[in-house]
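Each ligand, and each atom within it, is numbered from 1 in the order the structure gives.
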Amino acid sequence: MYKISKELAELGKKRIEGHPVEGFVWGSGPANPAIMLVGEAPGENEVETGIPFTGRAGKELMASLESVGLAREDVYITSAVRSRPYKWGTKKKRNGETVERKYNRAPTKKEIIAHAPILDTEIQDVWPPLIVTLGNVGLQRLIGPKAKVTELHGVLMETPILYWNEEEGVFKETAEIYHVFPTFHPASVFYNPPVRALKDGDWQKLKGLLGKIK
Ligand code: URA
């Protein structure tokens, strides 16, 4: 089971200090995973369990994996950011009382940069045959801000990916070519049900690629 080093996790925690985020969820998977999944950031459930994709989106993702003959143990799961980005909001309780609570939110560019060395190292060390991005955050982290999941989903890309260059303070393209397969974030089907058919279609296309890419 490959896991990032304690030092790298500590560096990530330090770099993200001062941002409204909490917890740290380790990405992990076997030494030679069938695919690497790149999500957005952990949510409330994941910070509680310490395991990526263990909430409602996780259930959806596990069903997709199962539909192509894979299980959690076969894949490496990580994300652009490894701490939970949150914002405060109010929730009205059934008795009419309002309480302050934390809500999940998308990570900011600064938070993505803070944890970029973690994802860069994971990709280099694991060297997965195929990187499956889940949603726009993972896709844009690796391909650039103009990439859109609605346009690129379900098609295999052979492309350089972006890594964070600390000296110059910019994302740069790798010299190596990677296989990247963009698809929707599993949670997107909850707020946009028609996406389900597209997402399921992508996973069936992905099934045809498994084991064929070195
Ligand atoms: N979304 C992600 O990107 N990662 C998780 O672990 C959970 C939800």
A.B. asks: Check ligand 1 against Pro52 and write out every atom of the ligand that is under 4.0 Å from a heavy-atom position of the residue.
C.D. replies: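 Within the 4.0 Å cut-off of Pro52, ligand 1 contributes 6 (O).
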
A.B. asks: Please check if the side chain of Arg82 supplies one atom and the backbone of Val25 the other of a donor-acceptor pair under 3.5 Å.
C.D. replies: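 Indeed, once roles are kept as given, a pair shorter than 3.5 Å links the two residues.
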
A.B. asks: For the 3.5 Å polar cut-off, considering only N or O atoms, please tell me whether Phe53 and ligand 1 meet it.
C.D. replies: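 In this structure, Phe53 places an N or O atom under 3.5 Å from an N or O of ligand 1.
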
A.B. asks: Could you tell me, atom by atom, which parts of ligand 1 come under 4.0 Å of a heavy atom of His185?
C.D. replies: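 Heavy-atom distances to His185 below 4.0 Å select 1 (N), 2 (C), 3 (O).
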
A.B. asks: Answer yes or no: does an N/O atom from Ser79 fall short of 3.5 Å to an N/O atom of ligand 1?
C.D. replies: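 The answer is no, given that Ser79 and ligand 1 share no N or O pair closer than 3.5 Å.
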
A.B. asks: Measure from the ring center of His115 to the ring center of Phe24 and say whether it is less than 6.0 Å.
C.D. replies: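 Centroid distance His115-Phe24: below 6.0 Å, so yes.
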
A.B. asks: So is Arg101 actually on top of Tyr103's ring, under 6.0 Å and inside 45° of the axis?
C.D. replies: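 Yes, Arg101 and Tyr103 form such a contact.
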
A.B. asks: Assess Ala41 for proximity to ligand 1: is some non-hydrogen atom of it under 4.0 Å away?
C.D. replies: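 It does; at least one heavy atom falls under 4.0 Å.
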
A.B. asks: At less than 4.0 angstrom from any non-hydrogen atom of Glu40, what atoms of ligand 1 do you find?
C.D. replies: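 Per the distance check, 2 (C), 3 (O).
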
A.B. asks: Closer than 4.0 angstrom, basic N to acidic O: yes or no for Lys13 and Glu10?
C.D. replies: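 Answer for the salt bridge query: yes.
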
A.B. asks: Indicate yes or no: at least one non-hydrogen side-chain atom of Tyr178 is less than 4.5 angstrom from one of Met36.
C.D. replies: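 In short, these two side chains do not touch, never coming nearer than 4.5 Å.
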
A.B. asks: Taking only heavy atoms of Gly39 into account, list the atoms of ligand 1 that are under 4.0 Å away from them.
C.D. replies: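 Close to Gly39: 3 (O).
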
A.B. asks: Would you confirm whether Glu46, through its side chain, and Gly55, through its main-chain N or O, come within 3.5 Å as a donor-acceptor pair?
C.D. replies: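 Yes, the answer is positive, given that a donor and an acceptor are paired below the 3.5 Å cut-off.
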
